[in-house]
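Remarks on the structure that follows.
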Amino acid sequence: NAGVTQTPKFQVLKTGQSMTLQCAQDMNHNSMYWYRQDPGMGLRLIYYSASEGTTDKGEVPNGYNVSRLNKREFSLRLESAAPSQTSVYFCASRAGQGNEQPQHFGDGTRLSIL
Amino acid sequence: SQQGEEDPQALSIQEGENATMNCSYKTSINNLQWYRQNSGRGLVHLILIRSNEREKHSGRLRVTLDTSKKSSSLLITASRAADTASYFCALAGNKLTFGGGTRVLVKP
């Protein structure tokens, strides 16, 4: 059972480069999320998609865009990477919108921007 | 936005001892969840406690919630080396917001 799969696992970019982080889940979940995790700050929500066809901003959306490609896939794009975006990025999914459903996480993408 | 504050930030114990960590928050919640994160991995859901519950158990885990004090605690009993991880509380309101975590080291 794959669960939530994120690619790539590691990436190094130069300032100004663009890239897309991929996320796919095989649990038929409706909701998907992108977080970033910085030392000592826990996880902060970047964007989320409550259902296929919808996306909404989270706490720290500036510098990012997302696409809910279909029910399985939710990608995060950095159009012009900045050193402040160096972080570990986690994708998560949840069965429904109800907040009693647990979130299921991928193992993260470690992104360094030089 | 509201975020849980966890205490302590780090905890080191011997195998077999109990580990207790706390989460405090400031506004109303629907429920509070605890997650574990092993080094280099994603978060894994451990347990959920609703706002109308005071205590919940799951295996060696015990969670309490005191809504009057706006605080929760997670107790891991008879800890094992495999319990070494970071533990996060997550507050469920309109969205799920995570605290900064408690790093737990269980020494064999």
Side-chain angles (χ1 to χ4, degrees), chain A residues 1-10 21 23-25 27 29 31-50 54-61 74 87-111, chain B residues 1-11 21-53 56 58 61 63 65 72 74 85-103:
Chain A
N1 295 329
V4 178
T5 302
Q6 293 185 235
T7 56
K9 295 188 186 306
F10 302 92
L21 280 62
C23 175
Q25 51 91 8
M27 296 172 283
H29 285 172
S31 303
M32 297 185 74
Y33 306 82
W34 276 105
Y35 295 90
R36 59 178 290 172
Q37 184 177 34
D38 301 296
M41 296 189 73
L43 276 74
R44 292 183 291 169
L45 182 64
I46 305 171
Y47 271 93
Y48 67 101
S49 171
T54 69
T55 60
D56 284 289
K57 295 178 181 180
E59 183 184 355
V60 288
F74 188 38
S87 189
V88 183
Y89 291 85
F90 288 96
C91 177
S93 69
R94 185 166 71 176
Q97 295 187 40
N99 57 27
E100 290 198 0
Q101 300 282 342
Q103 292 192 12
H104 299 257
F105 286 80
D107 283 336
T109 293
R110 283 144 187 82
L111 182 62
Chain B
S1 65
Q2 122 135 312
Q3 183 175 356
E5 292 187 10
E6 304 199 42
D7 174 63
Q9 290 188 329
L11 181 60
M21 60 212 82
N22 304 294
C23 174
S24 60
Y25 56 94
K26 295 182 179 177
T27 62
S28 298
I29 58 172
N30 295 318
N31 65 70
L32 187 145
Q33 302 175 27
W34 286 90
Y35 286 76
R36 182 188 74 230
Q37 183 180 32
N38 292 94
S39 180
R41 305 297 301 274
L43 279 70
V44 175
H45 181 262
L46 293 176
I47 193 167
L48 176 152
I49 186 164
R50 297 183 178 88
S51 59
N52 62 354
E53 296 176 315
K56 205 161 182 180
S58 176
L61 304 179
V63 171
L65 180 64
S72 174
L74 171 67
S86 291
Y87 293 82
F88 295 88
C89 66
L91 311 176
N94 291 329
K95 300 180 186 64
L96 203 58
T97 55
F98 290 84
T102 294
R103 298 187 309 279

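These numbers come from the heavy atoms of this one structure, side chains and all, not from hydrogens, waters or symmetry mates. Within every chain, numbering begins at 1; the chains are lettered A, B, ... in the order of the sequence lines, protein sequences first and strands thereafter.
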Legend entry - CD (B/Glu53) with more than 12 external heavy atoms under 6.0 Å: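 More than 12 heavy atoms, drawn from other residues, nucleotides or ligands, come within 6.0 Å of this atom.
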Where on [X] is there a heavy atom nearer than 4.5 Å to chain A: the side chain, the backbone, both, or neither?
| X | answer |
| --- | --- |
| B/Arg50 | side chain |
| B/Gln37 | side chain |
| B/Leu48 | side chain |

Inset, instruction - With a 4.5 angstrom heavy-atom cut-off, could you sort out which part of A/Leu45 is near chain B: side chain, backbone, both or neither? - result: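 Side chain only.
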Legend entry - Residue A/Gln6 versus chain B: region with a heavy atom under 4.5 Å: neither
Inset, instruction - Heavy atoms only, distances under 4.5 angstrom: which of A/Tyr48, A/Tyr35, A/Phe105, A/Phe90 has the most pairs with chain B? Name it, please. - result: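 Greatest number of close heavy-atom pairs with chain B: A/Phe105.
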Inset, instruction - Check the side chains of B/Tyr35 and B/Gln33 for a donor-acceptor pair under 3.5 angstrom, ignoring hydrogens and angles. - result: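 Distance-only check passes for B/Gln33 and B/Tyr35.
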Legend entry - Any donor-acceptor pair under 3.5 Å from A/Asp107 side chain to B/Gly42 backbone: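 Judged by distance alone, yes, a pair lies under 3.5 Å.
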Inset, instruction - Indicate yes or no for a side-chain donor-acceptor contact from A/Ser87 to the backbone of A/Gln37 under 3.5 Å, with no hydrogens or angles considered. - result: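 Such a contact is found between A/Ser87 side chain and A/Gln37 backbone.
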Legend entry - Partner set under side-chain contact (heavy atoms from CB on, under 4.5 Å) for A/Arg44, not counting sequence neighbours: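 Applying side-chain contact (heavy atoms from CB on, under 4.5 Å) to A/Arg44 gives A/Arg36, A/Asp38, A/Met41, A/Glu59, A/Val60.
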Legend entry - For chain A, the option from B/Asn38, B/Leu96, B/Val44 that forms the most heavy-atom pairs under 4.5 Å: B/Leu96
Legend entry - Set of side chain to side chain donor-acceptor pair (under 3.5 Å) partners for A/Arg110, sequence neighbours left out: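 If we apply the side chain to side chain donor-acceptor pair (under 3.5 Å) test to A/Arg110, skipping adjacent residues, there are no hits.
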